[in-house]
Amino acid sequence: MFPARIRAVALSAPVLLALSGCSSWGCTDTTAERGEAGVRVRVVDTDGQSHGVTAEVVDWSLDIHPQVPAEGDQLHFRFRFDGADEYADPSVDACAVDENRVTLGCRTISSSQAFGPADDSRTGDQWLDVENPEQVDAVLLIPNDQSSNRRTCAADGKDGGGTHPPESPNRGDQL
């Protein structure tokens with residue numbers, strides 16, 4: 001009877017270690033695949049599941065930034081988040097692209113930045129730094145939620161790991 005108890009404990013130990021986050025398999029980091037960029041996107045988590053939130057670029061223009069007028073025209077865009085609540089703060093990358101969908105500059109925007117006028121409190125606006133603003137053909141949003149701040153294996157080998165949002169695009173990446 002005693003050996004059967006030892007065998008039962010020995011068989012259940014790997015399961016308990018795996019459930020506790022301690023496993024002999026180690027920590028693994030993976031990166032979610034980047035979703036299709038668009039003017040209007042459904043925000044998705046790292047598994048590609050919709051958050052029930054839609055983000056869209058309302059409009060954009062080349063304007064003189066009021067705080068740095070000497071720098072000439074800069075890209076100014078307005079965006080909107082529909083379906084976001086006060087407890088979630090989804091964030092997506094907004095990228096200025098040329099006619100070939102090559103990125104000229106990107107920045108992350110979040111639903112908490114959308115606090116426009118009372119008649120449309122779900123809108124916000126941002127300025128985007130691009131080297132050649134005259135080349136901008138569109139401002140696109142990437143649907144992957146960037147708000148997840150999951151620890152990496154390098155930062156925390158025991159509790160880190162899992163699927164992370166894709167890296168933000170760099171200038172010159174094609175969307």
Side-chain angles (χ1 to χ4, degrees), residues 28-68 71-152 155 160-175:
T28 56
D29 285 315
T30 58
T31 302
E33 206 167 304
R34 186 179 292 157
E36 180 70 27
V39 173
R40 182 180 166 98
V41 296
R42 293 193 59 79
V43 180
V44 296
D45 63 17
T46 55
D47 294 324
Q49 301 299 310
S50 174
H51 280 307
V53 175
T54 302
E56 94 178 278
V57 175
V58 177
D59 63 22
W60 65 272
S61 60
L62 297 178
D63 295 322
I64 302 290
H65 193 293
Q67 294 175 335
V68 284
E71 292 184 10
D73 283 344
Q74 294 187 20
L75 179 67
H76 183 226
F77 69 99
R78 288 187 332 116
F79 59 90
R80 177 182 175 119
F81 280 87
D82 286 318
D85 62 31
E86 66 221 44
Y87 303 108
D89 188 21
S91 301
V92 296
D93 287 324
C95 298
V97 297
D98 67 12
E99 62 186 15
N100 297 317
R101 293 177 64 114
V102 173
T103 59
L104 303 170
C106 296
R107 79 174 304 146
T108 303
I109 57 171
S110 68
S111 63
S112 65
Q113 294 171 310
F115 49 84
D119 61 328
D120 192 1
S121 62
R122 296 169 293 187
T123 62
D125 72 305
Q126 287 290 320
W127 293 85
L128 186 58
D129 182 31
V130 294
E131 284 183 29
N132 300 303
E134 69 280 354
Q135 293 179 352
V136 176
D137 187 60
V139 177
L140 302 178
L141 303 175
I142 299 173
N144 304 86
D145 186 2
Q146 295 292 328
S147 66
S148 171
N149 196 12
R150 176 176 274 157
R151 297 178 70 84
T152 63
T163 306
H164 304 279
E167 293 291 320
S168 297
N170 294 311
R171 282 190 176 141
D173 289 352
Q174 187 158 19
L175 299 183

Donor-acceptor pair, [X] side chain versus [Y] backbone, under 3.5 Å?
X	Y	result
D145	S91	yes
R80	E56	no
R34	E167	yes
N144	E33	yes
R107	D129	no
Q146	P165	no

Item to check | Residue pair I109, F77: steps toward the side chain to side chain contact (heavy atoms under 4.5 Å, CB included) verdict | outcome: CA-CA 11 Å; I109 57 171; F77 69 99; 4.0 Å; yes
Checklist entry - Relative to the ring of F79, is the ring of F81 parallel (under 30°), tilted (30 to 60°) or perpendicular (over 60°)? => result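 Ring orientation of F81 relative to F79: perpendicular.
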Checklist entry - How are the rings of H65 and W127 set relative to one another: parallel (under 30°), tilted (30 to 60°) or perpendicular (over 60°)? => result tilted
Checklist entry - What are the two closest non-hydrogen atoms of L75 and V136, and how far apart are they? => result CD1-CG1, 4.2 Å
Checklist outcome for this item: Scanning both residues in full, the closest heavy-atom pair of V130 with R171 reads CA-NH2, 3.8 Å
Item to check | Any donor-acceptor N or O pair under 3.5 Å, side chains H51, D45 | outcome: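 Not at all, the side chains of H51 and D45 share no donor-acceptor pair under 3.5 Å.
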Next on the checklist: Can a side-chain donor-acceptor contact be found between D89 and S112 if the only test is distance below 3.5 angstrom?
Outcome noted: yes
Measure the [atom1]-[atom2] distance between [X] and [Y] for me, rounded to the nearest 0.5 Å.
X	Y	atom1	atom2	answer
R78	Q126	CZ	CD	13.0 Å
C95	D173	SG	CG	8.5 Å
Q113	D125	CD	CG	9.5 Å
L128	C106	CG	SG	7.0 Å

Checklist entry - Between D73 and I64, does a side chain to side chain contact (heavy atoms under 4.5 Å, CB included) hold up when you go through it step by step? => result CA-CA 5 Å; D73 283 344; I64 302 290; 3.6 Å; yes
Checklist entry - Is the shortest heavy-atom distance from the side chain of V53 to the side chain of S111 under 4.5 Å? => result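 The answer is no, as the side chains (C-beta and beyond) never meet within the 4.5 Å cut-off.
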Next on the checklist: Could you tell me if the side chain of I142 sits less than 4.5 Å from the side chain of V92, heavy atoms only?
Outcome noted: no
Item to check | H164: ring pair (Phe, Tyr, Trp, His ring centres under 6.0 Å) partners, not counting sequence neighbours | outcome: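 Partners of H164 under the ring pair (Phe, Tyr, Trp, His ring centres under 6.0 Å) test: none.
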Item to check | Worked verdict on L141 versus V39 for side chain to side chain contact (heavy atoms under 4.5 Å, CB included) | outcome: CA-CA 6 Å; L141 303 175; V39 173; over 6 Å; no
Next on the checklist: Just checking E134: does its CD atom have more than 12 heavy atoms from other residues, nucleotides or ligands closer to it than 6.0 angstrom?
Outcome noted: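 Atom CD in E134 is packed in, count exceeds 12.
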